[in-house]
Amino acid sequence: QVQLVESGGGSVQAGGSLRLSCTASGYTYSSRCMGWFRQAPGKEREGVAAIYTGGGSTYYADSVKGRFTISQDRAKNTLYLQMNSLKPEDTAMYYCAADRSMYGVCGRWYLKLDDSDYWGQGTQVTVSS
């Protein structure tokens with residue numbers, strides 16, 4: 001049974017930091033695209049950052065470049081998102097996801113949304129001004 005379990009969300013003031021974690025189980029962790037997505041109220045879900053679990057290449061949306069860092073601990077099958085200099089517009093439900101297929105092109109994968117991929121349940125991030 002595939003599981004992606006997120007944690008680390010919460011409420012912070014603008015300029016603060018949070019670190020999200022996503023622990024994966026039930027499938028082969030390596031050689032896949034994994035990433036973080038977010039959905040704010042009334043908006044579409046969007047890709048925030050992605051990583052290729054095999055080689056570690058990373059990709060970021062322009063809105064978070066220089067502030068967010070995606071990383072992983074392959075020994076723990078865990079994905080992280082370090083979020084610094086948070087802004088009120090970062091407020092959203094954050095989801096962890098993994099490509100159902102292996103050896104994907106992560107720079108393209110995280111720009112599209114595919115409900116058939118593996119998704120976590122989400123963790124709320126709220127940034128107040």
- Non-neighbouring partners of Tyr103 that pass ring-ring contact (aromatic ring centres under 6.0 Å, His included), sequence neighbours left out: none
- Item | Residues in ring-ring contact (aromatic ring centres under 6.0 Å, His included) contact with Tyr118, at least two apart in sequence or another chain | Tyr27
Sequence neighbours excluded, which residues qualify as side-chain contact (heavy atoms from CB on, under 4.5 Å) partners of [X]?
X     : result
Ser11 : Thr126
Gln39 : Arg45, Tyr95
Ala49 : Tyr60, Ile70, Leu81

With [X], which residues qualify under side chain to side chain donor-acceptor pair (under 3.5 Å), at least two apart?
X      : value
Trp109 : Asp117
Ser17  : Asn84
Ser129 : none

- Using atom types as modelled and distance alone, determine if a side-chain donor or acceptor of Gln82 lies under 3.5 Å from a backbone N or O of Arg19. no
Tell me whether [X] shares a hydrophobic cluster with [Y], the cluster being built from Ile, Leu, Val, Met, Phe, Trp, Tyr side chains joined at under 4.5 Å.
X      : Y     : result
Leu113 : Tyr94 : no
Val127 : Leu18 : yes
Phe37  : Leu79 : no
Leu86  : Leu20 : yes
Val2   : Trp36 : yes

- Query: Of all residues at least two apart in sequence or in a different chain, which pass the salt bridge (Lys or Arg N to Asp or Glu O under 4.0 Å) check with Lys65?
  - Reply: Asp62
- Query: With a 4.5 Å heavy-atom cut-off, do Asp114 and Arg100 have their side chains touching?
  - Reply: no
- Spatial distance of atom NZ (Lys43) from atom CE (Met93) [nearest 0.5 Å]: 15.5 Å
Heavy-atom pair with the smallest gap, counting every atom of [X] and [Y]:
X     : Y      : value
Ser7  : Thr123 : C-OG1, 4.3 Å
Ser30 : Met102 : O-CE, 3.6 Å
Thr91 : Ala40  : O-CB, 3.6 Å

Counting only pairs under 3.5 Å, give me each side-chain donor-acceptor contact of residues 50-58, with atom names and distances, residues two or more places apart or in other chains.
from	atom 1	to	atom 2	distance (Å)
Thr53	OG1	Tyr29	O	2.9
Thr53	OG1	Ser31	N	3.0
Thr53	OG1	Arg32	N	2.9
Thr53	OG1	Arg32	O	3.1

- Task: Enumerate the residue pairs fulfilling salt bridge (Lys or Arg N to Asp or Glu O under 4.0 Å) with a member in residues 88-97, sequence neighbours excluded, ordered by first and then second residue.
- Result: Arg38-Asp90, Arg67-Asp90
- Message: Taking disulfide (SG to SG under 2.5 Å) as the cut-off, I'd like each qualifying pair that reaches into residues 44-129, sequence neighbours left out, listed once.
- Response: Cys22-Cys96, Cys33-Cys106
